[in-house]
Number of protein chains: 2
Amino acid sequence: MRDEELQTVLPAAEANDKAEVRPLRRRKAQIRESNEAHLLASAESVFAEKGFDGASTAMIAERAGLPKANLHYYFPTKLTLYRRVLEDLFEDWHKAANTFDASADPVAAIGGYVRTKMALSRRRPLGSKVWANEITHGATHMRDILVERVKPWMDTRIVVINGWITQGLLAPVDPQALLFMIWATTQHYADFEAQIKALAGPRKLSQQAFAETTEQVVDMIIRACGARTPPRD
Amino acid sequence: MRDEELQTVLPAAEANDKAEVRPLRRRKAQIRESNEAHLLASAESVFAEKGFDGASTAMIAERAGLPKANLHYYFPTKLTLYRRVLEDLFEDWHKAANTFDASADPVAAIGGYVRTKMALSRRRPLGSKVWANEITHGATHMRDILVERVKPWMDTRIVVINGWITQGLLAPVDPQALLFMIWATTQHYADFEAQIKALAGPRKLSQQAFAETTEQVVDMIIRACGARTPPRD
DNA sequence: GTCTATAGACGGATAGAC
DNA sequence: GTCTATCCGTCTATAGAC
């Protein structure tokens with residue numbers, strides 16, 4: 001499709017634009033945004049199914065409804081695209097992570113975090129698989145994210161958890177072992193979806209069943225760390 | 001190396017063989033066994049690092065110290081080799097799984113199973129990664145193992161767990177959710193090794209630290225399902 | 001910004017001499 | 001049973017017309 005045609009398809013609507021941004025350039029930016037978004041979504045699903053090496057740019061492009069050459073126009077290399085998928089996933093993970101607040105009530109904080117992580121596994125299982133796959137294969141393409149972004153987050157939560165233990169609101173657990181258990185258990189429902197389907201039947205993953213399982217997982221983890229609601233003053 | 005040479009290298013030692021098995025054939029069988037074993041070990045490590053699609057038969061052969069053509073002599077296709085690795089892994093998993101017995105004491109049974117699974121993650125992390133990778137990518141090459149071997153095992157354990165719940169020795173947990181939590185948490189220490197190293201430091205995975213972590217995990221899971229030692233009669 | 005055609009490297013698998 | 005040479009397909013990435 002030519003730029004001229006796009007112009008006629010999308011007439012006004014740029015009334016609020018800055019004067020120096022011409023309508024044509026704006027339209028091109030929209031095309032770029034849309035195509036990049038499609039490619040990123042397609043890439044997430046292909047990388048989840050095949051892994052980085054197994055995924056082909058041809059399949060990613062095809063699933064996004066574009067010729068392969070266009071993929072390389074937007075993302076110069078397969079690795080560039082992969083990195084963008086990982087960074088995007090981290091942002092989502094990070095938003096979920098911040099629901100684990102430092103409130104005085106560990107039952108609410110941990111329970112809320114587990115529910116959010118379960119919801120994320122439900123909402124974006126493909127992304128979780130890409131993430132898991134990358135780590136299993138050595139995390140070579142995201143070590144910087146782990147060290148510069150995930151580790152600082154974890155260190156602050158370790159302080160919070162140790163604080164709860166000191167106050168007697170939690171059993172004396174190893175905070176890292178607790179966090180690993182939460183991650184492993186919640187992400188299992190995304191990453192091991194195929195196994196769960198084979199063992200428990202597809203019904204196990206229905207909306208209703210997943211909500212019940214979520215509460216089961218919350219209960220187990222709250223018990224696992226011996227969380228107590230703080231006494232009212 | 002020629003068969004004649006091998007004959008001279010290995011002189012007697014076949015005294016106990018059946019008469020109809022000639023020494024030369026026996027020696028060939030030993031070569032086959034040794035080469036297959038090397039290839040299987042090498043394949044496990046390459047599949048763990050790169051996944052099925054990412055792994056190349058050239059790299060597997062090289063790591064086993066053989067030319068690529070020899071790999072195809074022992075294993076006609078890459079998929080054949082992969083299947084053998086998966087079947088071998090299942091046998092190991094199955095041995096570990098049977099430490100989860102139906103004893104009257106859930107603390108001993110569950111605790112013992114968790115320790116065995118942690119030991120397996122420690123002893124054979126590459127295998128765990130291959131397994132995880134296969135499931136993440138849809139378990140297409142091992143659905144039969146899941147359905148015919150793992151599921152029957154799981155179903156018997158569900159009965160055992162429900163029995164404990166009925167006796168009041170366990171909180172009323174969903175047995176499947178409990179098993180998934182045990183698998184996810186214990187296998188996390190193998191599959192997410194790279195993340196653990198990046199977040200907790202390599203020291204976290206020392207012999208000593210791992211033993212302590214194992215006990216932490218056992219304690220958390222025992223608490224998670226509210227296991228109680230049965231009263232003495 | 002789009003798309004056809006293709007370069008150039010590498011993959012799995014095999015032929016055939018030894 | 002071993003190994004070199006090679007077939008043929010697919011892959012990433014790019015050139016260049018539109």
Side-chain angles (χ1 to χ4, degrees), chain A residues 1-10 22-39 42-43 46-47 49-85 141, chain B residues 1-10 22-39 42-43 46-47 49-85 141:
Chain A
M1 218 188 283
R2 310 276 187 69
D3 292 322
E4 291 75 22
E5 289 177 52
L6 293 171
Q7 277 285 294
T8 61
V9 169
L10 202 89
R22 294 197 317 278
L24 195 124
R25 177 175 294 184
R26 171 130 177 70
R27 184 56 192 155
K28 283 199 178 179
Q30 285 181 353
I31 291 177
R32 169 171 285 273
E33 205 171 334
S34 158
N35 282 347
E36 283 190 358
H38 278 100
L39 284 167
S42 166
V46 177
F47 284 135
E49 279 172 36
K50 308 277 188 176
F52 176 74
D53 294 287
S56 77
T57 52
M59 186 181 286
I60 294 172
E62 188 195 346
R63 209 171 279 191
L66 288 169
K68 185 172 61 155
N70 290 33
L71 180 149
H72 282 96
Y73 172 71
Y74 289 108
F75 300 95
T77 69
K78 183 179 168 182
L79 187 57
T80 317
L81 176 54
Y82 186 62
R83 268 294 301 201
R84 277 287 299 275
V85 170
H141 301 115
Chain B
M1 217 189 282
R2 308 276 187 67
D3 292 322
E4 292 74 25
E5 289 175 54
L6 294 171
Q7 278 285 294
T8 61
V9 170
L10 203 89
R22 295 194 318 279
L24 195 124
R25 178 175 293 182
R26 171 130 177 71
R27 184 54 191 156
K28 282 199 178 177
Q30 284 182 355
I31 290 177
R32 168 172 285 272
E33 204 171 334
S34 159
N35 281 347
E36 282 189 358
H38 277 100
L39 284 167
S42 166
V46 176
F47 285 135
E49 278 172 36
K50 308 277 188 176
F52 177 74
D53 295 289
S56 77
T57 51
M59 188 182 284
I60 295 173
E62 189 196 345
R63 208 171 279 191
L66 289 169
K68 186 171 61 156
N70 290 34
L71 180 150
H72 283 96
Y73 173 72
Y74 289 108
F75 300 93
T77 69
K78 182 179 167 181
L79 188 56
T80 317
L81 177 54
Y82 186 61
R83 268 295 300 202
R84 278 287 300 277
V85 171
H141 301 115

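Chain identifiers are assigned alphabetically (A, B, ...) following the order of the sequence lines, protein sequences preceding nucleic acid strands; residue numbering begins at 1 within each chain. Quick caveat: nothing in here was measured; it's all calculated off a predicted structure.
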Decide yes or no for Ile60(A) and Phe47(A): does some side-chain heavy atom of the first lie under 4.5 Å from some side-chain heavy atom of the second? yes
What I'd like to find out is whether the side chain of Tyr74(B) reaches to under 4.5 Å of the side chain of Arg84(B), using heavy atoms alone. no
So do the side chains of Leu66(A) and Leu71(A) get within less than 4.5 Å of each other, counting heavy atoms only? no
At under 4.0 Å between heavy atoms, which parts of nucleotides 12-17 of chain C does protein reach? Answer with one letter per nucleotide, 5' to 3': B base, S sugar-phosphate only, - none. BBB---
Please report the distance, rounded to the nearest Å, between CD in Glu36(A) and C1' in dG1(C). 13 Å
Roughly how far, to the nearest 0.5 Å, is the OH atom of Tyr82(A) from the CG atom of Asp53(A)? 8.5 Å
Look at atom NE2 of His38(A) and say whether more than 12 heavy atoms of other residues, nucleotides or ligands are closer to it than 6.0 Å. no
Rounded to whole angstrom units, what separation is found between the CD1 atom of Ile31(B) and the P atom of dG1(D)? 7 Å
Can you list, in residue-number order, the parts of residues 60-67 of chain A that come under 4.0 Å of DNA chain C, counting heavy atoms only? Pro67(A)
Provide, to the nearest angstrom, the distance between the CG atom belonging to Asn70(B) and the P atom belonging to dA5(D). 15 Å
May I ask you to check whether over 12 heavy atoms, not counting those of Lys78(A), lie within 6.0 Å of atom NZ? yes
May I have the distance from Phe47(A) (atom CZ) to dT12(D) (atom C1'), rounded to whole angstrom? 12 Å
Assess whether side-chain contact (heavy atoms from CB on, under 4.5 Å) is satisfied between Glu62(B) and Lys68(B), documenting all intermediate values. CA-CA 7 Å; Glu62(B) 189 196 345; Lys68(B) 186 171 61 156; over 6 Å; no
I'd like to know if Arg63(A) pairs up with Glu49(A) as an ion pair, taking the criterion as any Lys NZ or Arg NE/NH1/NH2 lying under 4.0 Å from an Asp or Glu carboxylate oxygen. yes
